[in-house]
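Whatever order the structure lists ligands and atoms in, that order sets their numbers, starting from 1.
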Amino acid sequence: MPLPTFFAYVLVLASLLISVEAAKIPSSARRPALSCSSSSSSSSSSSSSSNGESSWTSSSSSSCGQCTGGLPGTLTYGRNLLEFQYEDQPKRQHILYLPKSYDGSTLLPTVLGLHYSSGNIDSIDAMAKLSDLAERHNFVWIAPQGGVTFKNNQGYAWNIPFVPTTDDSNIEGPVLEDRKYLVALLQHVQSNLCVNTAQSYAMGHSGGGRMSSSLVCNPEMSQHFAGIVASSSLQAGPSAGPDYAAPLAVGQANACNPSHPIGIVALHGLADQTNPYDGTPEDGTEDNKKRWGYSVQSALAHWAELNSCDLSSNNTVEATTATDGPIIHRQTINCPDVDITAWLQDDLPHAYFDINRADFNPGDHWWDAISKFSHEPQY
Ligand SMILES: *[C@@H]1O[C@H](CO)[C@@H](O)[C@H](O)[C@H]1NC(C)=O
């Protein structure tokens with residue numbers, strides 16, 4: 001048969017197989033999808049290595065991953081320092097990390113690792129040891145740079161709608177659109193690498209976790225993520241005035257409005273003074289309350305509502321065994337498609353969990369919790 005007919009035939013066959021597969025698995029959100037669908041979105045952007053000599057450019061509008069075997073173009077295993085341009089924004093650097101298990105034929109999950117305010121592209125790997133986790137658990141990670149630049153090399157922050165930055169007077173240059181940038185960067189990676197579009201997760205600490213939360217509160221952007229991991233920063237949309245003690249109610253303008261159930265993992269210190277567990281920082285200025293108004297439990301309850309969870313399943317147990325370290329509690333809420341997990345550590349200030357603790361490796365725990373979830377973007 002002629003080539004176009006052959007491709008149409010293969011497409012029909014593939015979609016038939018996909019629908020049969022979907023019909024067999026009622027709770028498809030818990031299973032990694034093995035197939036990937038083509039996408040109508042396209043990226044006109046390109047990346048090049050930071051010395052500008054070599055480049056790898058998106059040649060396809062498919063979001064299906066490019067599984068051509070081996071490593072594409074000029075990329076290496078481990079850390080690649082790359083640049084990506086979104087529309088007419090200035091180019092920005094990011095790190096793209098490929099684990100040794102990347103073979104160009106197995107679709108790997110992707111983690112978008114988002115730094116804290118005043119951090120940079122190195123911060124989240126330094127803090128959460130994403131490189132070690134990626135080798136242990138076989139995922140690709142991307143660490144981009146926020147679109148808010150602080151003066152005097154004091155790092156970057158994320159431009160999160162409805163959330164004031166930590167230090168407005170200290171900003172230099174233009175504040176760039178970040179959420180669309182992050183989705184475009186993710187799609188760029190998906191169209192160049194052998195990654196599973198149904199297993200993309202955003203994780204971050206503080207401002208990075210707030211940004212992760214914001215990405216999945218937008219109906220279009222949430223399509224690209226199966227779940228998030230928020231360290232010291234879980235949000236469920238903007239807080240409602242006048243006291244900012246609760247998220248905007250479901251259905252209100254600008255309220256959190258994900259397109260599908262979102263896997264939620266939170267880590268939080270019970271002695272956090274910056275984003276206090278019980279809400280409202282000590283320095284309760286208007287900006288601080290807008291940035292962190294409601295409690296971690298309010299955020300979890302709101303996600304439970306959005307994910308149609310069974311709140312009577314809300315349960316907390318001790319997750320640590322050592323008697324010489326602070327207790328970490330594990331809270332779970334069961335939901336039809338995804339679950340909600342929060343790890344809460346006694347005495348911990350505004351910080352990531354201890355990565356050297358023998359009886360609790362935070363990364364292994366959040367990866368196990370989040371990687372169960374998958375969502376194939378629907379356009
Ligand atoms: C879950 O239960 C704990 C302990 O009973 C309670 O403090 C918390 O507010 C509950 N969380 C939600 C989201 O219902």
Quick one: CG on N314 to CG on N334, what's the gap to the nearest 0.5 Å?
9.5 Å

Do L112 and S200 come close enough that some side-chain heavy atom pair is under 4.5 Å?
no

What does the contact table look like for ligand 1 (nitrogen or oxygen on each side, cut-off under 3.5 Å)?
unit_1	atom_1	unit_2	atom_2	d
ligand 1	2 (O)	N314	ND2	2.4
ligand 1	11 (N)	Q297	OE1	2.8
ligand 1	11 (N)	N314	ND2	2.9
ligand 1	14 (O)	N314	ND2	3.3

With sequence neighbours excluded, what pairs up with D354 under the side-chain contact (heavy atoms from CB on, under 4.5 Å) test?
N356, R357

Could you give the side-chain donor-acceptor pairs of residues 202-219 under 3.5 Å, partners two or more places apart or in another chain?
unit_1	atom_1	unit_2	atom_2	d
H205	ND1	S231	OG	2.7
S206	OG	H350	NE2	2.8
R210	NH1	R291	O	3.2
S212	OG	G208	O	2.8
S213	OG	G209	O	2.8
S213	OG	Q235	N	3.1
S214	OG	R179	NH1	3.1
N218	OD1	E220	N	3.0
N218	OD1	M221	N	2.8

Going by the rule side chain to side chain donor-acceptor pair (under 3.5 Å), which residues pair with T76 if we only count those two or more places apart in sequence or in a different chain?
N80

Pair H188 + F84: ring centers closer than 6.0 Å
yes

